[in-house]
Protein chains: 2
Amino acid sequence: MSGFGPGDAFLADCPGRLAVELIADKWTVVVLAGLSKGPVRHGDLIKLIGGISRKMLTQTLRRLEAHGLVRRRAHAEAPPRVEYELTPLGATLIDPIHALTEWARANGDAVLDALDAGLEQTAGNH
Amino acid sequence: MSGFGPGDAFLADCPGRLAVELIADKWTVVVLAGLSKGPVRHGDLIKLIGGISRKMLTQTLRRLEAHGLVRRRAHAEAPPRVEYELTPLGATLIDPIHALTEWARANGDAVLDALDAGLEQTAGNH
DNA sequence: CCGTATCCACCACGATACTG
DNA sequence: CAGTATCGTGGTGGATACGG
């Protein structure tokens with residue numbers, strides 16, 4: 001109903017798999033979203049995101065850097081300061097991510113409803 | 001540059017996290033894409049996707065069913081036949097997924113380029 | 001402040017074999 | 001053909017502590 005032509009699905013070895021492998025983990029999308037407004041410091045990202053450990057943040061950023069989506073900029077100052085920002089390439093990913101966010105805002109409740117509708121387990125507690 | 005207002009990012013406990021938790025695994029997005037053209041049989045999905053095991057397919061479908069995104073329909077026939085299809089709610093997820101696919105088709109090469117540009121490791125094998 | 005190393009628990013995933 | 005059970009494993013991600 002909504003978009004894929006006959007040959008351009010997500011299957012087998014299509015390029016679409018690349019996108020999935022790129023973002024299908026716990027933090028990548030969230031980190032990209034955190035960078036979507038401009039350069040941010042490491043510590044600020046930690047607070048902004050909430051729940052991520054320094055280890056995972058650094059690890060995620062490094063991966064994105066290697067993929068050309070994020071740029072790391074270290075300033076040689078007395079208290080070290082490191083800022084991360086999206087590359088132009090990375091910025092192009094924001095729109096698809098934004099589409100996901102919008103979807104969640106619009107349909108999140110429906111999903112949660114379906115979820116606890118399913119919580120009338122096998123047990124028949126009248 | 002591209003969309004998030006000041007208060008509507010992906011962070012902390014925003015609804016956006018729901019979407020991430022929903023699709024952030026190896027197969028969910030691929031399975032949804034496989035269903036995007038209409039009802040499909042279990043076995044056909046296996047062949048269509050390529051690489052997924054029956055176990056993971058069933059497991060993924062069951063999760064999507066619980067979230068109200070997929071409907072399971074079993075036909076009482078001699079050789080058992082089971083078809084899966086997107087619910088209307090599930091169909092709304094196709095567009096965001098499609099956006100990802102499009103992104104990958106447009107920018108996949110750039111990512112791969114950045115990736116092996118980074119393969120000039122620390123070692124200086126001129 | 002930034003980053004990494006280490007240790008560890010957990011779960012996602014695959015292989016295989018079995019039931020209906 | 002569809003689904004489940006079981007087992008084994010590697011990787012992901014958290015806590016903590018240390019180094020620059």
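Order of the sequence lines fixes the chain letters, A, B, ..., with proteins taken first and strands second; residue numbering starts at 1 for each chain. Fair warning: this is a prediction, and the values are worked out from it, not measured in the lab.
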- Query: Roughly how far, to the nearest 0.5 Å, is CZ of A/R63 from OG1 of A/T28?
  - Reply: 4.0 Å
- Message: How long is the straight-line distance from CG of A/L86 back to OG1 of A/T92, given to the nearest 0.5 Å?
- Response: 9.0 Å
- Query: Nearest to the side chain of B/W27, which nucleotide is it out of C/dG14, C/dG3, D/dG13?
  - Reply: C/dG14
- Item | A/A33 versus A/S36, closest heavy-atom pair with distance | O-OG, 2.6 Å
Return no unless some side-chain N or O of [X] is found under 4.0 Å from OP1 or OP2 of [N].
X: A/R72; N: C/dG3; value: yes
X: B/Y84; N: D/dG3; value: yes
X: A/H42; N: C/dG3; value: yes

- Earlier contact from the 5' end, DNA chain C, for A/R62 and A/P79: A/P79
Taking [atom1] from [X] and [atom2] from [N], how many angstroms apart are they, rounded to a whole number?
X: A/I46; N: D/dG14; atom1: CD1; atom2: P; answer: 11 Å
X: B/I52; N: D/dG3; atom1: CD1; atom2: P; answer: 13 Å
X: B/R41; N: D/dG3; atom1: CZ; atom2: C1'; answer: 14 Å
X: A/D44; N: C/dC1; atom1: CG; atom2: C1'; answer: 11 Å
X: B/L61; N: D/dG3; atom1: CG; atom2: C1'; answer: 12 Å
X: B/Q59; N: D/dA2; atom1: CD; atom2: P; answer: 18 Å
X: A/R73; N: C/dG3; atom1: CZ; atom2: P; answer: 15 Å
X: B/M56; N: D/dA5; atom1: CE; atom2: C1'; answer: 15 Å

Tell me, do [X] and [Y] make a side-chain contact under 4.5 Å, heavy atoms counted?
X: A/L22; Y: B/W103; value: yes
X: B/L61; Y: B/R72; value: no
X: B/R41; Y: B/R81; value: yes
X: A/I52; Y: A/V30; value: no
X: A/L45; Y: A/L35; value: yes
X: A/R54; Y: A/I46; value: yes

- Query: If you fit an axis to the five pairs at each end of the helix from C/dC1-D/dG20 to C/dG20-D/dC1, how big is the angle between those two axes, to 10 degrees?
  - Reply: 40°
- Contact string for nucleotides 15-20 of chain C, one letter per nucleotide 5' to 3', B = base within protein heavy-atom range under 4.0 Å, S = sugar-phosphate only, - = neither, reads B-B--B
